[in-house]
There are 2 protein chains.
Amino acid sequence: MSHDLTFDLHVLTARLDRAAEEILQPAFGLSYRRFLTLLLVGELGPVTQRALAEALGVSEPSVSRMTGALAGTGLLEAGPDPAGGNRRRLTLTPSGKQAVAQCRDLLERRFADVVERSGVSYGDYARDTRRLIAALDDREDER
Amino acid sequence: MSHDLTFDLHVLTARLDRAAEEILQPAFGLSYRRFLTLLLVGELGPVTQRALAEALGVSEPSVSRMTGALAGTGLLEAGPDPAGGNRRRLTLTPSGKQAVAQCRDLLERRFADVVERSGVSYGDYARDTRRLIAALDDREDER
DNA sequence: CCTCCTAACTTACCGTGCTAAGTTATAGGT
DNA sequence: ACCTATAACTTAGCACGGTAAGTTAGGAGG
């Protein structure tokens, strides 16, 4: 049906997003991107928006908008950095931490299921994916 | 750096889009999504918007907007279907055909390069990608 | 002939990505 | 003490995805 690897990769990520959305939306009212943002804030600990943007691989304006929205849900705390400077300090609220932990468990279980059924080796596929990313990054650096 | 396969897949598709954009934008003024749309119209021949949406894996409103924009560039011809009904018939103009052919060649060459360098087997990776999509689709069908 | 169903398309609105340009807070040189 | 440079964040506006609800053309039944 579809013939091209790059096309299939887009289809795959779209399906993954959708599957994650179906799990997260009814249970927590979170989109996949919002969950990811919270997840990284949890992993990074108190973090600036700039650092979070870097970790998420998105632009600073995207993070600015996202954190604005998430702060309104009570899952994320965003205040001025006490260390000073024009920075904001992002942390999870207790309910944010709880939501992230539950979402992660749910998603990991479901995804492990899917990989299991597909017969694909998680390790091999993950390794190849990272190699492709690295090759693309190299190509970019050349200019 | 990043730990999760689904995250890396998003990174990979984002990088692919960006690389494609850098090639297509200066040379043809096309985004990757627009190129893809034109490519499928070329492959499917005269086609309705509904069928194109199905082939692209996107919604009908998306195609409606996209074809509206592309029709304004002179690459795509969109008129009422002579067979009647509330349908539109999409075809490539001669310059559309030419642009698609040139873009495809360019992108395929560049992408083959990247895969080559990464050391990843195109065939294996493509097969695994399709298997994962199939596994996700199965899961969906169960409900 | 008129009504109503269905399929295809459109409109309206929103989420989330981007870039470009504007703002603000600290730091450094004179 | 006052510019100015820099870093972090915000605002504005576009691209392109989605859903929900509206429109329109053709066909089927009373």
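Chain identifiers are assigned alphabetically (A, B, ...) following the order of the sequence lines, protein sequences preceding nucleic acid strands; residue numbering begins at 1 within each chain.
Taking the ring centroids of B:Tyr125 and A:Tyr125, they lie under the 6.0 Å cut-off.
Here the OG-CZ distance, from B:Ser64 to B:Arg50, works out to 13.0 Å after rounding to the nearest 0.5 Å. Rounding to the nearest 0.5 angstrom, the gap separating the CD atom in B:Gln98 from the OG1 atom in B:Thr93 is 9.5 Å. A:Asp113 contributes atom CG, which lies 8.0 Å from atom CZ of A:Arg110 (distance to the nearest 0.5 angstrom). Between the CG atom of B:Asp81 and the CG atom of B:Asn86 there is a distance of 10.5 Å, given to the nearest 0.5 Å. Atoms OG1 and CG, on A:Thr91 and A:Leu44 in that order, are 12.5 Å from each other to the nearest 0.5 Å. A distance of 12.5 Å separates CG of B:Leu90 from CE of B:Met66, quoted to the nearest 0.5 Å.
Taking the side chain of A:Gln49 as heavy atoms from C-beta on, and the options C:dC9, D:dT10, C:dT16, the nearest nucleotide is D:dT10. For A:Asn86, whose side chain is taken as the heavy atoms from C-beta onward, the closest listed nucleotide among D:dG18, C:dT24, D:dA7 is C:dT24.
In terms of phosphate contacts, A:Arg88 brings a side-chain nitrogen or oxygen within less than 4.0 Å of OP1 or OP2 of D:dT10. Within the structure, a side-chain polar atom (N or O) of B:Arg33 is placed less than 4.0 Å from OP1 or OP2 of D:dG17. Residue B:Ser31 places none of its side-chain N or O atoms closer than 4.0 Å to OP1 or OP2 of D:dA15.
Within the structure, side-chain hydrogen bond (donor to acceptor under 3.5 Å, both in side chains) contacts touching residues 10-20 of chain A (residues at least two apart or in different chains) are A:His10-B:Asp17, A:Arg15-B:Asp137, A:Asp17-B:His10.
What separates NE2 of A:His10 from P of D:dC16 is a distance of 12 Å, to the nearest Å. Atom-to-atom, CZ of A:Arg18 to C1' of D:dG18 comes out at 10 Å; the value is rounded to the nearest Å. Going from atom CG of A:Leu90 over to atom C1' of D:dA8 covers 12 Å, rounded to whole Å. Rounded to whole angstrom, the span from the CG atom of A:Asp17 across to the P atom of C:dG17 amounts to 10 Å. The separation between A:Leu24 atom CG and C:dT16 atom C1' is 16 Å, rounded to whole Å. To the nearest angstrom, P of C:dT19 lies 10 Å from CD of B:Glu22. Computed from coordinates, the A:Tyr32 OH to D:dG17 C1' distance equals 17 Å when rounded to whole Å. Atoms CD (B:Glu21) and P (C:dC18) sit 12 Å apart, rounded to a whole Å.
If you find the closest nucleotide of DNA chain C to A:Ala83 and to A:Pro61, the one lying nearer the 5' end belongs to A:Pro61.
Across residues 50-60 of chain A, A:Gly57, A:Val58, A:Ser59 each have a non-hydrogen atom less than 4.0 Å from an atom of DNA chain C (numbered order). Contacts of residues 63-73 of chain B with DNA chain C (heavy atom under 4.0 Å): B:Ser64.
Side chains of B:Glu21 and B:Ser31: a donor-acceptor N/O pair is absent below 3.5 angstrom, by distance only.
Looking at heavy-atom distances under 4.0 Å, A:Arg89 makes no contact with the nucleic acid at all. Backbone-only contact: B:Arg34 has heavy atoms under 4.0 Å from sugar-phosphate atoms and none from a base.
Looking only at distances, no side-chain donor or acceptor of B:Ser62 sits under 3.5 Å from a matching main-chain atom of B:Val58.
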